[in-house]
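Only one structure is covered here, and it is reproduced in the block below.
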Amino acid sequence: MSTILRPKTNQVVTSKAIHSSSFRDPSGYVFTDNGVIKRVINPVYFDQYKQLKSSGFFKTLFKNELLVMHKELSASDDEIIIQPENIPFITYPYEWCFNQYKEAALLTLKLQKFCLEHQFSLKDASAFNITFHNGKAIFIDTLSFDFYQENTPWRAYKQFITHFLGPLVLAHFHGSEMLKLSNNFLDGIPVKTIASLLPFKTKLNPFLYSNIHLLAKFEDKHNEDYKGEAKAAELSKKGQLNIIESLYNYIKKLELKEPSEWGEYYNKTNYTDDAFVLKSTIINQWVASLNTKTLIDVGGNDGTFVRRIAATLQHALVCDIDNNAVDFNYKQIKKNKETYITPFVLDVLNPSAAIGFNNQERQSFIERIAAFKPDVTLALAVIHHMSLSGNVPFKNSAAFFASFSKHLIIEFPERDDSWVQRLLKSKGEFESYFDFYNLDNFIASYSSYYTIVEQKNIEGSKRTLFLLKRKDEYN
Amino acid sequence: MYSLYFDPGLGAMILQAAIAAVAGIILFSKSVMYKIKLLLGLSKKEDDLFDDINVDDSETENKPGSDQ
C-alpha cells in the first residue's frame with residue numbers, strides 16, 4: 001500500500017494502492033484492492049459519469065463489446081468506485097501486429113463518432129487506452145469521455161495522428177517493424193518525425209498531405225501556445241465527422257506492403273506430416289493430463305498447435321517474433337470468432353521492458369506473464385533459436401521459463417536436425433563453441449530447474465519432446 | 001468541461017478546419033466514384049475483416065429464444 005498525494009483537483013491522501021500508470025488524468029485513478037483492479041472517479045468527473053450512465057451510453061458500448069464492462073461498487077460525495085471486468089493479460093501497442101494496430105485505430109474513431117452523435121467527445125486518443133480481450137480490441141479507459149462543446153475541434157486529433165495514423169502509415173511504407181517505435185515514444189511519434197520518414201510521393205496525396213505534412217508544418221509554426229489560443233479554434237461537428245470518417249476509410253483500407261508468407265510456414269517444415277500429427281497428439285495428451293486451463297505458446301507462429309489442442313482452454317497466449325505470423329493468427333481469430341486466444345508480437349531474446357515514468361507505467365513482459373501464471377508453457381522449435389541464434393546458455397533459458405510457469409512442454413531439435421545444422425553452419429569458425437548444444441547438456445541444465453515427467457522422440461524427425469515440471473524450490 | 005492533461009497542439013487545433021474541408025472533398029468524390037462504379041457494375045465486395053464505423057445503437061436486443 002502506498003500513500004500518494006494527488007494533484008489539486010483531487011487533493012486526497014489515500015491509502016489505496018494506486019496503479020503506477022494512473023496519474024495523468026485528474027478525473028480518477030486505478031488502484032488494486034487485494035489483486036482486484038478498481039477505479040476511483042473523482043467529483044470533477046461526476047457530471048460526465050452520471051450522464052454517460054443514465055443516457056445508456058455505457059450500456060450501448062458494453063453491448064457492442066467496445067468498452068470494458070464495469071459495475072459500480074459504491075458512490076459517495078467524495079468518490080465513486082467502479083470495478084472493471086478483469087482482463088487476464090494486457091498487451092501493449094508495441095506488441096500488436098499490423099491488423100491489431102489497425103483495429104485499435106478504427107475502434108478509437110468509431111468511439112469518437114459515437115461520442116459526437118451523443119454530445120460527447122474522447123478527450124484523449126492514446127493507443128494505451130486499448131487492449132485486446134476476447135479476440136477483439138477493447139477500450140479500457142472508462143474516464144476518457146467528456147462533454148462535447150459545440151464548434152470545437154477534436155482536442156485529441158493530434159494525439160490520434162501520433163499514436164495511430166503515423167505508425168500505421170509508416171508500417172505501410174517501411175514494414176511492420178515501425179510499429180515498435182511506440183515503445184520509444186510513449187506519447188506518440190512526433191509529427192515531424194513521421195513526416196520526415198514518409199516518401200516524397202505522400203505529399204501528393206491530399207489525405208496524407210493534410211493529415212501529416214501540413215500538420216507537421218503547422219505544429220512547427222505554432223509550437224508555443226502560451227496564450228491558450230488553441231481554445232479559440234473552431235470547427236463544426238459536421239467538419240469533425242468528416243475528419244473522423246475520412247481517417248476511418250483510409251485506415252480501413254491500409255495494408256502492409258511486405259508479403260505475408262506465413263500462411264505457407266507449415267509447408268516448409270523439415271519433418272513429415274506423420275511427425276507433425278504425432279507431435280500434436282503428444283502435446284494434446286500432456287495438456288489434457290495436466291488439466292490445463294491457461295497456457296502460453298512461446299514462438300507459437302500462427303497458433304497452429306494451440307488450435308490443435310482438444311482440451312477446453314480458458315485463455316491461450318500465442319506470441320511470436322514475426323509480425324506476419326501474429327497477423328495471420330489474428331486474422332484467423334477474427335474469421336473464426338475465437339475468444340480464448342490472445343496473440344502478440346514478442347522477441348523472446350528481448351521481451352518488452354518496463355517503461356514510462358519510474359519505469360512503472362507499462363509493465364514488462366516478465367511481470368505480466370508472472371502474474372498471469374500460465375498452467376503450461378509451450379516452447380516448440382524455440383530452444384535452438386535461443387541457444388544458437390541468441391547464444392543463450394541452457395541454464396539461462398531454463399531459468400527464464402521457470403520464472404513464470406509450473407509446467408513446460410519443450411521441443412529439442414538435435415544437432416543433426418537440418419535447421420540446427422543451418423544455424424550451426426552460420427557460425428563459421430566459431431561452430432566449435434556451440435559443441436555444448438546436445439541432448440545430454442540440455443537435460444543436465446534443465447534438470448536444475450525441472451524434473452522430467454516424460455520424454456518422447458518424435459519419429460520422422462530429429463526432435464524430442466519433453467514434459468517438465470518445475471522443482472518445488474522455484475515455486 | 002475539459003480536464004485536459006496534455007497539449008492538444010495549437011497548430012493541430014487551427015488546422016482541423018482545413019483538414020475537414022479536404023476530408024469533405026475526399027468523402028464526396030469517393031461517394032461519387034462509388035455510385036458511378038455501382039452504375040457500371042464495377043463495385044467490388046469489400047474486405048469484411050473490420051466493420052463499418054457505426055455502432056449498433058438499437059434498443060432491442062436480439063436474444064434468440066426470448067419471447068418477451
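We name chains A, B, ... by the order of the sequence lines, and we start the count at 1 in each one.
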For atom NZ of A:K192, is the number of surrounding heavy atoms from other residues, nucleotides or ligands below 6.0 Å larger than 12?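 Atom NZ in A:K192 is not crowded, with 12 or fewer foreign heavy atoms closer than 6.0 Å.
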More than 12 foreign heavy atoms under 6.0 Å from NZ of A:K113: is that the case here?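 Yes, enclosed.
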Looking at A:K110 and B:D51, is any side-chain nitrogen of the basic one under 4.0 Å from a carboxylate oxygen of the acidic one?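 Yes.
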Under a 4.5 Å heavy-atom cut-off, does chain B meet the side chain of A:L214, its backbone, both or neither?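 When you check distances to chain B, atoms from both the backbone and side chain of A:L214 fall under 4.5 Å.
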Side chain, backbone, both or neither: which part of A:N99 has a heavy atom under 4.5 Å from chain B?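 Interface part for A:N99: both.
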Hey, does [Y] have a side-chain heavy atom less than 4.5 Å from the side chain of [X]?
X      : Y      : answer
B:I26  : A:Y250 : no
A:Y157 : B:L15  : no
B:I14  : A:H222 : yes
B:N54  : A:E117 : yes

Can you check whether B:F50's main-chain N or O pairs, donor with acceptor, with A:E103's side chain at less than 3.5 Å?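 Here the side-chain-to-backbone pair does not exist.
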Between A:N64 (side chain only) and B:D56 (backbone N and O only), is there a donor and an acceptor less than 3.5 Å apart?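 The answer is yes, because a donor-acceptor pair under 3.5 Å joins these two groups.
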Quick check on B:I53 against chain A: is it the side chain, the backbone, both or neither that has a heavy atom closer than 4.5 Å?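 It is both, since atoms from each part get that close.
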Under 4.5 Å from a heavy atom of chain A, the part of B:A17 involved: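 When you check distances to chain A, atoms from both the backbone and side chain of B:A17 fall under 4.5 Å.
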Please name the pair of heavy atoms, one in B:L27 and one in A:E245, separated by the smallest distance, quoted to 0.1 Å.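 Closest approach of B:L27 to A:E245: CD1-CB, 4.0 Å.
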Provide the closest heavy-atom pair for B:A23 versus A:S246 in the form atom of the first, atom of the second, distance.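 Of all heavy-atom pairs spanning B:A23 and A:S246, the closest is CB-OG, 3.3 Å.
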Can you measure from [atom1] ([X]) to [atom2] ([Y]) and round to the nearest 0.5 angstrom?
X      : Y      : atom1 : atom2 : result
A:S236 : B:Q16  : OG    : CD    : 11.0 Å
A:L235 : B:M13  : CG    : CE    : 9.0 Å
B:I19  : A:Y209 : CD1   : OH    : 11.0 Å
A:Y248 : B:D52  : OH    : CG    : 6.0 Å

Quick one: ring pair (Phe, Tyr, Trp, His ring centres under 6.0 Å) partners of A:H172, sequence neighbours excluded?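 Once residues adjacent in sequence are excluded, A:H172 has no partner under the ring pair (Phe, Tyr, Trp, His ring centres under 6.0 Å) criterion.
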Among residues at least two apart in sequence or on other chains, which ones pass ring pair (Phe, Tyr, Trp, His ring centres under 6.0 Å) with A:F120?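 Only A:F57, A:F147 meet the ring pair (Phe, Tyr, Trp, His ring centres under 6.0 Å) criterion with A:F120.
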Below 4.5 Å, heavy-atom pairs only: which of A:L241, A:N249, A:L215, A:I244 has the largest tally toward chain B?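 Going by pairs under 4.5 Å, I would pick A:L215.
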